[in-house]
Chemist: 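Just passing along the structure, written as structure tokens.
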There are 4 protein chains.
Amino acid sequence: WVGEFFPGISKIKYEGPSSKNPLSFKWYNAEEEILGKKMKDWFRFSVAFWHTFRGTGGDPFGAPTKHWPWEDGTNSLSMAKRRMRANFEFIHKLGVDFWCFHDRDIAPDAPTLEETNANLDEVVALAQELQTKGKKSVLWGTAQLFMHPRYMHGAATSSELGVYAYAAAQVKKAMEVTHYLGGENYVFWGGREGYQSLLNTDMERELDHLARFLEAAVAHKEKIGFNGTLLIEPKPQEPTKHQYDWDVATTANFLRKYGLIGEFKINVECNHATLSGHSCHHELETARINRLLGNIDANTGDPQVGWDTDQFLVDIQEATMIMISVIRNDGIAPGGFNFDAKLRRESTDVEDLFIAHIVGMDTMARGLRNAAKLVQDGSLAELVRKRYQSFDTEIGSQIEAGKADFDFLEKKIKEWGEPKVASAKQELAEMIFQSAM
Amino acid sequence: WVGEFFPGISKIKYEGPSSKNPLSFKWYNAEEEILGKKMKDWFRFSVAFWHTFRGTGGDPFGAPTKHWPWEDGTNSLSMAKRRMRANFEFIHKLGVDFWCFHDRDIAPDAPTLEETNANLDEVVALAQELQTKGKKSVLWGTAQLFMHPRYMHGAATSSELGVYAYAAAQVKKAMEVTHYLGGENYVFWGGREGYQSLLNTDMERELDHLARFLEAAVAHKEKIGFNGTLLIEPKPQEPTKHQYDWDVATTANFLRKYGLIGEFKINVECNHATLSGHSCHHELETARINRLLGNIDANTGDPQVGWDTDQFLVDIQEATMIMISVIRNDGIAPGGFNFDAKLRRESTDVEDLFIAHIVGMDTMARGLRNAAKLVQDGSLAELVRKRYQSFDTEIGSQIEAGKADFDFLEKKIKEWGEPKVASAKQELAEMIFQSAM
Amino acid sequence: WVGEFFPGISKIKYEGPSSKNPLSFKWYNAEEEILGKKMKDWFRFSVAFWHTFRGTGGDPFGAPTKHWPWEDGTNSLSMAKRRMRANFEFIHKLGVDFWCFHDRDIAPDAPTLEETNANLDEVVALAQELQTKGKKSVLWGTAQLFMHPRYMHGAATSSELGVYAYAAAQVKKAMEVTHYLGGENYVFWGGREGYQSLLNTDMERELDHLARFLEAAVAHKEKIGFNGTLLIEPKPQEPTKHQYDWDVATTANFLRKYGLIGEFKINVECNHATLSGHSCHHELETARINRLLGNIDANTGDPQVGWDTDQFLVDIQEATMIMISVIRNDGIAPGGFNFDAKLRRESTDVEDLFIAHIVGMDTMARGLRNAAKLVQDGSLAELVRKRYQSFDTEIGSQIEAGKADFDFLEKKIKEWGEPKVASAKQELAEMIFQSAM
Amino acid sequence: WVGEFFPGISKIKYEGPSSKNPLSFKWYNAEEEILGKKMKDWFRFSVAFWHTFRGTGGDPFGAPTKHWPWEDGTNSLSMAKRRMRANFEFIHKLGVDFWCFHDRDIAPDAPTLEETNANLDEVVALAQELQTKGKKSVLWGTAQLFMHPRYMHGAATSSELGVYAYAAAQVKKAMEVTHYLGGENYVFWGGREGYQSLLNTDMERELDHLARFLEAAVAHKEKIGFNGTLLIEPKPQEPTKHQYDWDVATTANFLRKYGLIGEFKINVECNHATLSGHSCHHELETARINRLLGNIDANTGDPQVGWDTDQFLVDIQEATMIMISVIRNDGIAPGGFNFDAKLRRESTDVEDLFIAHIVGMDTMARGLRNAAKLVQDGSLAELVRKRYQSFDTEIGSQIEAGKADFDFLEKKIKEWGEPKVASAKQELAEMIFQSAM
């Protein structure tokens, strides 16, 4: 393979909302400042190597549909290196600063761990070189602990000790290469850490194993001097019937139970949020108020389907709610926004890769602009402040300080009589919210 | 009202599986021992005053349909007392030892808290007398903090301080009357502790208030010398869009975050479990392994509907899974099984009240008998034990003791090579499970 | 009650997108022409008497919360008339031309049908007078066949013959008063035409009864000279476990099976659409291509909850998709847009009634403006046209005319070899769609 | 490959409920008569070639896990023939009379249609020989119109004419080989006949194409003298966002609209039923009363997951409800019960293939035995009969004959007054139902 991977496509530019050019940004303007921060710094967008370069279009009922010109149909080491070059051309042309990966996306598996690690090292060396040249960086790395059949019962929660050990060795290496590449975070997605049936599962023992595994990961992080954030990405189910990192609250309970709460943050994925019965905004807020918001997988599902569609998010109102949480959190660095989103199976043109990322980035940018308008306008925040103002009083302070016991409060009620309750003004809040769109 | 409330119905007897009499037990035999405990002691069945005596058959699209002969159409104090007599005749004839209640089910609300409390005291005095006479007992009491419009924004999480205070006063009294009646548990169900929209809600502040409230409840419990268990009953949503006690794990996270983990147990409701996306068995097991399993609301939902139907559970296989968890927990006393289940709106005969409870109790009894068979047979437990036997080794012990770091495990994998992974035998597990039905 | 019902509120005016006044339209400008039709004629907005004037804020777990100043707490005839005056002041101030109602919303039920009908006649006479004065009109009328306990097993599908007959008498009268008031449509919503359990239901017999009932309604329509459209409003479930008019396709199958397909159109409700597992756009398109699109209940549900929340729709992208269907259908007159939407239970200020309708109308207006932009731009339609252009050929015509048999097509494939398949360009379509927002 | 494929396993025998042997039937006794028909004739069980012999254990997040000893890792013609021999040994040892297949399961795809057809012919010739020898038969055949990338936009509803033609050629051949093998039915499952997004789809044109395609299939059936039943198998979604054969009612509407209602029956799959929001029993009853019940895909989903899990059904109560419908339909021949069910990904022992089918067949057998008990007992049917007895009267007959107009019924209601409405006795119905378990 010689020359460009995306020959007809030049660097994507910001052309503003009136542009009709599909290969331009209409809303995302990397260097523009919003609320005191450049757009690129709010987002720290990252391309997901797996979907963008390893997505085949296969689904449970269908064979691969993508035939990218640079692919030779093999899973060879040289193909892996060529693909890595394509990745860097892609993120360069897209104007994104970060990428992220699973170990097995970027380099082929081999019969032994030693050979597999050698493959990985070779590709990683190239990536390092291309990173330096292109001034790009790794948002996060992770280990793929779900694709290989050895992980069919889980990795850290497998019923087989050998698999637990294998997963440990694999995570060790994945942490090391992430560190080597200057990655700012390391992610755990426990795709098969869960069960298919409770009838044949010892859930307590499996959860204990998972805790031991994560403790060992923390220890290894320190040992190698990796200062990045460790992230857990919740998902309720699929591929398993039930995954242990069901949602943010479940994950937080696990971390607290095993004394790991200070060591991990959470990577919230919007599609996983809705599969667990929550809005994405809910999961972000839950992570935020538990001081756990670390990164965002910026995708969406279909509101009527029950599996993970990993679509590019194109809903401006949802993007606005996401950005409200991010602004409240004063950004999510060293985390960022990772496009854990894939082209639809039926989108088979090379340009579709760009179009999809552009509309995804523009949607987020519109969300940021809208959220900033709401912050600057202030009337939504004021509506909320007013709702709770009865607590901004002396007795309110006593209650909030834990100094108002039931006897005291009963006495007060006897004095005051029936409390007055104001309208929640939800429709007004929705009107204000919508006015920023 | 003079004489019997259920004149045609005598005490329900155990007649065995071949009986065709709808007003008899076919499987529940209170005094029969199963795995060393009487059936009645495994279950500690309790009738829910609200559904059984205050259920009107109203729904969001329909007016009440029940016209019990003892009801005079009023919410008077004398009606409340008559109804309490009906309750005791009912539980006597059904052969159940416990009942449970919300404060406002059993006594009418009045314009002031003082008057309302006086109403409650009068009915509670009667209940106490009837309890003593009938050798019955309260499984748990609770405060109804969702029906009155004052609670429209929540109780402990209301945006209005006065409502927080009112709720405190109400819970204080409800705890006191539960204690007076010898109740063995006190339940918190946060029906409106949640939000309808995040746009107008300060979730973090609301959760802080909830923690303060529960801390005050713990303090009050100690103050009055109540030794019962405090229980929280998770429910994901309905009436609100999102309730803070979403499921067992969410509730556990909350309790841990605020240092309340040792003070509360959980009352798992099967219908709430499925509304939160989990099987009932999952929620019970999650509670059990978090050492939080305190009580069971024995009902079920409809697998195809998205709201709380509170039906009597008639699925024998589900009942068996429930009882597997209960047996593993060695029972749930001082908690029990509360029928938080209501007659269908269209079931309007007085005898339907009995039929529904009988089939619910028989289903649970079949579940217990089947679960005991599985325990005695042992092959399901053996299948599970074998799955994890690779951890019953020296290296397994090291891992489980937190003494196997990533370097060590990587070295082992280099020694061992690719691990062998056995079949999970799920279909065999299902076959063994089913063979006990 | 003297004077105005909404004293502080004057006629709502269009003030344009930059207005911050909650009591103004920012996007809905009744007289403005869009694609050759005035906005008011595209929408034919109608206020739903039940939600707006009879909504109490009660829910399955809570008592009423609304205390409108004009309500005296009774269900008297004089209260009914006062409320009707409030309705006309409301629709006048809101600038809407239509209202719609159930018979029992507007006039109180009485012990006998004769008395009930007399009540209805009295209120209808007043409504007629107010209509004339205010130049307002009825979009549709309907009979409330679900609230009264007699309908607990259904109306036309009740297991009791007397209930079937009662429903017939009630629909007869409701059709007559709708006709008298100049209503342009008459709606059937089969709230309890369905089942709670198949175990006690003869579904086939019930569906036969429903067909007989609708045939009789058609006959009665002709008898009284009513020329309006008969509409069926599908809903999948709630209050029953399964309703016979599950969705558009189910309803169409029923109409076709019983030879009623030409006599009815469909009233699509967005919230019911999503409860049946479809997007609102899907249901509208299904109705449209079956030539059945008659009216729209313009509300929405919550994507994460499983019951009918009947919220005002505030999602601009959803509104745009709705309006794409309406434009393709060249409007839906004599049907219109009915706000089958209710204030949240916690919204208790009188002005909330206005705010909610305004944001709902503005959202629809934004949808219309966006959809018109897409039509005028043409690139989305062009993308679709191109996808199917292989059928705009001679062989395509043969296939579409039913003249291409399997032998012929097999021969062609042997000639042609493997077909080429183009990208579906979904992300591009989404980008174009979003650019109109 | 020489000798047996399942060397350790002999013919599965009926050993009765007390047997602990996993490789025996406890409830299915092929020759035993139930309600006048042999068990094998009620069920006409069929093994699904695809799941049982082509199921790899791959899922969207994981590689294949099954390594059957007879597989050589290729998709060669000789492998196809060896696999076919395994199939016949399997169904012989399982004691099942039927199998069913997609064209591409049993013979490899080749670069041209001609070569692919030649492959198919060669395998089919072998199958024919093995059928004759083993006295086995094809329950149904079908064409796989979803796996190959050419079908990514659908087959009959593809936007590309060439794909429509290819699908026609493929179905032609598949019908011909089904006919050749003596198949009694031919199935259409429109896996990709649907859409991923309405934005880029012309739904009306696609549905017209589908109708033309099915008309051509009917014509071809007649041309080749195939007398089997044509079946459509509804599924709501997955792999697409929306499939045109959503559920039974949607399919029936389509068939009626295009005048195809007499030409097709429906193959109901239980897992597809629940994915469309219905119980399996509901879909079977809907098919039955539309005179469309043709075949059953006997599997189940997981009540908490939103995708097609195709599990073996092990729920006895659900199996009983299925068999109630089958008995009411007096069997479903020439259709049967096809195990469209797959081993869990983690079940990797050869014996698991047998265990899964055995527990699936035993569950159905228990369902039949229980349903027969209910029929013989008669009390459930009697409860239903009584519910509707008010229609078994003169006026009931008039209504059912369409001779009772609204005027007549109104007059009656004025005579009769308020109708009496009896209890629906749902809990009693559930008690009777459960008593047969």
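The analysis underlying the following values was restricted to heavy atoms, covering all of them including side chains, and did not include hydrogens, waters or symmetry mates. Worth saying up front: this structure is predicted, and the values here are computed from it rather than measured. Here is how names work: the chains are called A, B, and so on, in the same order as the sequence lines, proteins then strands, and each is numbered from 1.
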Chemist: Going by side-chain contact (heavy atoms from CB on, under 4.5 Å), C:N200 matches just one of D:E427, D:R387, D:E430. Which one?
Modeler: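 It is D:R387, the one option of D:E427, D:R387, D:E430 that forms the side-chain contact (heavy atoms from CB on, under 4.5 Å) with C:N200.
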Chemist: Given heavy-atom pairs under 4.5 angstrom as the criterion, report whether the side chain, backbone, both or neither of D:L255 touches chain C.
Modeler: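 For D:L255, neither part sits under 4.5 Å from chain C.
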Chemist: Where on D:A252 is there a heavy atom nearer than 4.5 Å to chain C: the side chain, the backbone, both, or neither?
Modeler: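 Looking at D:A252, backbone and side chain both touch chain C.
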Chemist: Measuring heavy-atom distances to chain C, does D:R385 have an atom under 4.5 Å in its side chain, in its backbone, in both, or in neither?
Modeler: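 Neither part.
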Chemist: Non-hydrogen atoms of chain C under 4.5 Å away: do they reach the side chain of D:A217, the backbone, both or neither?
Modeler: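 Both backbone and side chain.
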Chemist: Applying the side-chain hydrogen bond (donor to acceptor under 3.5 Å, both in side chains) criterion to D:E410, which one of C:K172, C:Q170, C:K173 satisfies it?
Modeler: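 Only one of C:K172, C:Q170, C:K173 forms a side-chain hydrogen bond (donor to acceptor under 3.5 Å, both in side chains) with D:E410, namely C:K172.
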Chemist: Do D:V421 and C:M152 touch side chain to side chain, with heavy atoms closer than 4.5 Å?
Modeler: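 Side-chain contact under 4.5 Å: yes.
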Chemist: Please state whether the side chain, the backbone, both or neither of D:T112 comes within less than 4.5 Å of a heavy atom of chain C.
Modeler: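 D:T112 has no heavy atom closer than 4.5 Å to chain C.
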Chemist: Measure distances from D:S158 to the heavy atoms of chain C and classify the residue's part below 4.5 Å as side chain, backbone, both or neither.
Modeler: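 D:S158 touches chain C through backbone heavy atoms alone.
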Chemist: Please give me the minimum heavy-atom distance between C:D202 and D:Y388, naming the atom from each residue.
Modeler: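 That closest heavy-atom pairing would be N-OH, 2.9 Å.
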Chemist: Any idea which of D:K412, D:H242, D:H220, D:Q389 has the most non-hydrogen atom pairs under 4.5 angstrom with chain C?
Modeler: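 With the most close heavy-atom pairs to chain C, the winner is D:H242.
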Chemist: Relative to chain C, which segment of D:Y166 carries a heavy atom at a distance below 4.5 Å: side chain, backbone, both, or neither?
Modeler: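 Both parts, backbone and side chain.
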Chemist: Measuring heavy-atom distances to chain C, does D:I413 have an atom under 4.5 Å in its side chain, in its backbone, in both, or in neither?
Modeler: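 It is the side chain, since no backbone atom gets that close.
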Chemist: Check whether C:T393 gets within reach of chain D through its side chain, its backbone, both or neither, counting any heavy atom under 4.5 Å.
Modeler: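 Only the side chain of C:T393 comes within 4.5 Å of chain D.
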